[in-house]
Amino acid sequence: MSEESSRAGSEGGGQRRRLLIERAKTYTEMERFEEAAADLTEVLRLDPADDIAWANRGELYRRMGRFEEAVSDFDRAIEIDPEYAFAIGSRGQAHAALHRPAEALADFDRAIELTPDQVWLLGDRARLLRGLERYDDAETDLMRAIMLAPEDADLYNARGDLYYQMDRYADAITDFSHALSLEPNSVWALVSRGETHRMMDAFDEALGDLNHALQLEPDNDRALASRGAVLHEIGRDEESVADLSRAIELDPEYTWAYIRRGEVLRSLGRYEDSLVDINRAMELDGDGDGEG
């Protein structure tokens, strides 16, 4: 499970309680989360003061997307142990998923204060800070996390994404390239580097990365949309429309792909079709900024 349960298994409740905990661990490893949660519910019936069981069930609910229930369980764990860093940080993740940035940030700050060297906490706080446009603070967290875990490709991808958002494209390329040196077939890193090359007008390099990504994962909508944008830049508009249309077929709510296809259709003189795409993008975007 995500948090060690040995303490819960050794303090009263008898053999059945220990077996429930062990079975819940196994169900969790098998990603049979409903069954794991049911076992932990029984553990909590036997011992409502088991903070680890509350936290572990909360983590299961979080992984199942049942975020309000997760927050409730983490609350109970923290009531029992106010310095339970895992529960506090995990509650921060649930708050972030519920679009409660202030609550999430407060939890991440407290959890990191209690356990300063937890890479996952630093990474999650960095992602939240990036969303809040506190880019320098996000970079500081990722630098610290990378110092603690220099072989973690996800951290380089996260920092590359941050640099991309900051328009620091050369730095982003460096990080995505380092991530690929650690995980050469990472489709995410290939697409991210390809899109960054596109923003730098390095279209041959962009196509190389995006073609490689699509060899590995032919139905990657993000790779298709980005390649479609590159193909438009080099005048291959019919191929561009094909890629963007496939991306939209895979994800009918892909706002950025509608915007890009609308631009290409306009350049082809297909004005009515272009308006359809731009209007659809406006419907999907609402109050957002329409970026991919």
Side-chain angles (χ1 to χ4, degrees), residues 65 97 99 127 130-133 135 154 157-173 175-177 179-180 185-292:
H99 306 291
R127 280 184 279 273
R130 174 191 166 196
L132 296 171
E133 299 186 2
Y135 300 136
D154 289 341
N157 281 324
R159 193 172 63 178
D161 284 340
L162 174 65
Y163 288 148
Y164 177 91
Q165 191 162 342
M166 297 170 74
D167 298 334
R168 290 170 55 180
Y169 299 129
D171 290 329
I173 292 291
D175 272 354
F176 293 136
S177 296
L180 285 163
N185 290 327
S186 169
V187 171
W188 176 267
L190 285 165
V191 177
S192 297
R193 191 173 68 177
E195 176 61 17
T196 308
H197 279 309
R198 183 182 76 84
M199 296 299 292
M200 300 172 75
D201 294 337
F203 301 127
D204 287 342
E205 292 87 345
L207 280 178
D209 280 341
L210 296 167
N211 286 337
H212 186 187
L214 286 164
Q215 288 172 355
L216 295 167
E217 194 175 310
D219 287 338
N220 185 289
D221 56 346
R222 183 168 165 253
L224 285 161
S226 186
R227 189 174 69 176
V230 174
L231 291 168
H232 174 57
E233 296 283 0
I234 61 177
R236 293 163 59 180
D237 286 342
E238 293 295 343
E239 294 170 86
S240 172
V241 170
D243 271 357
L244 290 163
S245 297
R246 179 58 179 153
I248 290 167
E249 180 183 344
L250 291 164
D251 180 2
E253 297 187 356
Y254 197 163
T255 305
W256 191 82
Y258 282 106
I259 295 170
R260 297 284 84 78
R261 190 174 70 174
E263 293 173 353
V264 181
L265 291 169
R266 184 174 65 248
S267 74
L268 290 169
R270 294 170 56 181
Y271 301 121
E272 293 295 334
D273 292 335
S274 175
L275 284 174
V276 170
D277 274 357
I278 298 302
N279 288 334
R280 178 60 176 149
M282 291 177 69
E283 291 173 7
L284 291 169
D285 193 51
D287 295 328
D289 61 13
E291 295 191 5

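Considering CG of L180 and CH2 of W188, their distance stands at 13.0 Å, rounded to 0.5 Å. Atom-to-atom distance recorded for I278:CD1 and R261:CZ is 10.0 Å, nearest 0.5 angstrom. To the nearest 0.5 Å, atoms CG (L210) and CG (D243) are separated by 9.0 Å. For the atom pair OH of Y254 and CZ of R222, the computed distance is 7.0 Å after rounding to the nearest 0.5 Å. Atoms CG and NE2, from N185 and H212 in turn, are 5.0 Å apart once rounded to the nearest 0.5 Å. Once rounded to the nearest 0.5 Å, the distance linking CG of D251 with OH of Y258 reads 8.0 Å.
Closest heavy-atom contact between A247 and A257: CB-CB, 4.5 Å. Summarising the geometry of V230 relative to A206, their closest heavy-atom pair is CG2-CB, 3.9 Å, with the distance given to 0.1 Å. For the residue pair A213 and A223, the shortest heavy atom distance occurs at CB-CB, 4.3 Å. The minimum heavy-atom distance between D175 and G160, with the atom names listed, is OD2-N, 3.6 Å. Looking at every heavy atom in both residues, F203 comes nearest to R198 through CE2-O, 3.8 Å. Across all non-hydrogen atoms, the minimal contact from R266 to Y271 is O-CE2, 3.6 Å.
The shortest distance between side-chain heavy atoms of Q165 and R130 falls below 4.5 Å. Counting only heavy atoms from C-beta outward, the side chains of R236 and L207 approach each other to under 4.5 Å. A heavy-atom distance below 4.5 Å is not found between the side chains of L268 and D273. Under the 4.5 Å side-chain criterion, counting only non-hydrogen atoms from C-beta, S226 is not in contact with R260. In this structure, D219 and R246 have side chains that are in contact, with non-hydrogen atoms separated by less than 4.5 Å. Annotation: side chain of I173 is in contact with side chain of M200 (closest heavy-atom distance under 4.5 Å). Contact annotation: the side chain of F176 approaches that of N157 to within less than 4.5 Å [non-hydrogen atoms, C-beta and beyond].
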### Task
Tell me, with the steps shown, if Y169 and D167 meet side chain to side chain donor-acceptor pair (under 3.5 Å).
CA-CA 5 Å; Y169 299 129; D167 298 334; 3.1 Å; yes
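A salt bridge links E283 with R280: the closest approach of a Lys/Arg side-chain nitrogen to an acidic carboxylate oxygen falls below 4.0 angstrom.
Shown are V264, I259, L265; of these, the side chain to side chain contact (heavy atoms under 4.5 Å, CB included) with D277 is made only by L265.
Counted by atom type alone, Y163 and D161 present zero donor-acceptor pairs between their side chains at under 3.5 Å.
The salt bridge (charged side-chain N to carboxylate O under 4.0 Å, His left out) search around D154 returns none, not counting sequence neighbours. In terms of the side-chain hydrogen bond (donor to acceptor under 3.5 Å, both in side chains) criterion, N279 has no residue partners (sequence neighbours excluded).
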